[in-house]
Amino acid sequence: MKNMLLKKIYKLLNIIDYLFISFFFFFFLRIKYRYLDNVTLKIETWKFEDLIYTHYKVFILILLIWTLISSKNKYYNVLVYKNFGKIKRYINQVLYFSIAVYAISGIKEEPLFSNDITLKFLLSFFCCSFFIRLFALYFYNYLLKSGYATSNVCVIGINKNTETIINTLNSKCVLGNNFKGLIAKDISLKNLYPVFQINSIDLNDFIKKNKIDKIYLSQMSDLGDKMIEQLVIFCQKKHIEFFLIPNSKYGDVTKLEIQYLDTFPILKIRMFPLDLSNSQFMKNILDKIFSFLFCLFF
């Protein structure tokens with residue numbers, strides 16, 4: 001339910017961005033022609049229909065470029081990145097779209113916009129888009145904190161990372177998860193969390209009673225591989241989302257990255273500084289700044 005709500009918000013943001021592009025495009029185009037009429041002391045004859053008829057091809061091209069860049073950049077995809085991942089997508093979108101708009105304006109026989117109007121168009125659009133996205137994010141977090149669109153989850157099995165997962169589920173309500181209990185053979189954590197011994201409960205009845213939407217299965221846990229396989233089959237039959245909690249000796253799970261060897265998934269330990277996402281983000285920013293400065297001065 002949480003993901004469905006987030007997808008609807010992103011679809012709404014997509015529509016709003018297209019409306020902003022359309023509005024500011026013709027708004028600043030109107031300003032340009034009013035300025036030209038005033039300078040040449042001509043009576044203003046440009047109507048809105050004239051602007052559309054004259055520049056509709058460029059307008060469609062700008063919308064198409066925005067669509068292609070946002071698709072390539074996964075701008076409207078529901079991703080579980082941290083904040084720097086969202087900022088990276090936003091900066092890439094701003095940079096690539098700005099370059100495209102300046103290029104389109106320059107290749108016309110008569111420039112579409114002057115440089116200052118192009119800058120105002122981009123600043124107006126991205127500022128409005130940014131504040132709308134910010135408002136949507138706060139509204140989404142407010143709904144999650146209010147208990148709307150939350151998912152009931154439980155954890156099955158115990159390994160080295162189980163407590164970290166449970167603490168995250170309990171402490172970060174903005175993730176939209178409502179922790180219902182830990183199911184395991186070992187009940188030593190019963191003083192910290194609601195713990196149920198797997199041999200003494202009916203799992204099907206527990207899921208129905210608590211309306212479980214997601215199950216987190218601990219790998220290499222006290223349950224054993226055979227029981228975990230049975231639980232995976234059970235979740236598939238009941239159409240319940242399930243996630244595997246890796247049993248890693250590395251405390252920082254952000255160093256784990258999923259890669260594929262042909263079609264087989266493997267976990268890669270990111271040990272080098274540039275393997276980490278925040279380091280890659282800073283490197284990309286510096287690369288783009290130096291590239292821009294090089295093109296500007298050389």
Side-chain angles (χ1 to χ4, degrees), residues 6-79 83-140 284-285 288-289 291-292 295-296:
L6 197 56
K7 288 179 180 179
K8 290 180 180 178
I9 291 176
Y10 272 107
K11 287 180 180 179
L12 180 61
L13 289 175
N14 192 1
I15 296 173
I16 292 175
D17 282 341
Y18 282 115
L19 292 176
F20 276 144
I21 291 175
S22 304
F23 172 76
F24 286 118
F25 177 83
F26 289 106
F27 176 78
F28 285 105
L29 202 61
R30 187 70 170 171
I31 290 177
K32 172 191 173 182
Y33 282 100
R34 280 182 179 174
Y35 173 77
L36 291 177
D37 290 333
N38 291 334
V39 169
T40 57
L41 300 178
K42 292 180 180 179
I43 299 175
E44 183 178 344
T45 57
W46 285 94
K47 298 180 180 179
F48 183 71
E49 295 81 2
D50 299 327
L51 296 179
I52 294 178
Y53 180 76
T54 307
H55 297 286
Y56 74 94
K57 292 181 181 178
V58 179
F59 173 64
I60 294 174
L61 181 60
I62 288 177
L63 292 181
L64 181 61
I65 288 176
W66 174 264
T67 303
L68 293 175
I69 294 175
S70 59
S71 177
K72 181 68 175 178
N73 193 31
K74 299 180 179 179
Y75 192 56
Y76 299 106
N77 286 21
V78 180
L79 301 177
N83 290 332
F84 58 78
K86 298 174 184 176
I87 295 172
K88 178 182 177 182
R89 286 195 295 175
Y90 183 79
I91 291 176
N92 287 338
Q93 191 75 12
V94 170
L95 180 64
Y96 297 141
F97 185 68
S98 300
I99 293 173
V101 171
Y102 270 105
I104 291 173
S105 181
I107 62 177
K108 288 176 63 66
E109 294 181 3
E110 178 186 351
L112 178 66
F113 294 135
S114 62
N115 289 336
D116 60 331
I117 293 182
T118 303
L119 182 60
K120 290 177 182 178
F121 164 70
L122 293 171
L123 287 177
S124 301
F125 166 62
F126 281 115
C127 284
C128 291
S129 177
F130 175 78
F131 284 113
I132 288 294
R133 292 176 77 88
L134 196 63
F135 172 77
L137 175 63
Y138 277 107
F139 178 69
Y140 173 69
N284 288 335
I285 293 296
K288 289 168 183 175
I289 291 175
S291 299
F292 176 76
C295 294
L296 187 63

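This is a predicted model, so every value here is computed, not measured.
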So how far is it from Ile104 CD1 to Leu61 CG, rounded to the nearest 0.5 Å?
4.0 Å
Close side-chain approach of Tyr96 and Ile65, heavy atoms under 4.5 Å:
no
In terms of ring plane angle, is the pair Phe126 and Trp66 parallel, tilted or perpendicular, where the classes change at 30° and 60°?
tilted
Check: Leu122 and Tyr102 side chains under 4.5 Å, non-hydrogen atoms:
yes
Taking every non-hydrogen atom, the tightest pair across Arg89 and Lys74:
NH1-O, 2.5 Å
Working to the nearest 0.5 Å, report the span between OG1 of Thr118 and NZ of Lys120.
11.0 Å
Using side-chain contact (heavy atoms from CB on, under 4.5 Å), reason through Ser22 and Phe59 one step at a time and then give a plain yes or no.
CA-CA 8 Å; Ser22 304; Phe59 173 64; 3.2 Å; yes
Any sub-3.5 Å donor-acceptor pair from Arg133's side-chain atoms to Leu13's backbone N or O?
no
Let me confirm one number: the OG-CG distance from Ser124 to Leu119, rounded to the nearest 0.5 Å.
9.0 Å
In Å, rounded to the nearest 0.5 Å, how long is the span from CG of Asn73 to OH of Tyr90?
12.0 Å
Please report the interatomic distance CD1(Ile69) to OH(Tyr75), rounded to the nearest 0.5 Å.
11.5 Å
What I'd like to find out is whether the side chain of Phe130 reaches to under 4.5 Å of the side chain of Val94, using heavy atoms alone.
no
Any chance you could measure Ile117, atom CD1, to Phe27, atom CZ, to the nearest 0.5 Å?
10.5 Å
Output field: ring centroids Phe24/Phe125 closer than 6.0 Å
no
Heavy atoms of other groups near Phe139 CZ, more than 12 under 6.0 Å:
no
Checking Ser71 side chain against Thr67 main chain: does a donor-acceptor pair fall under 3.5 Å?
no
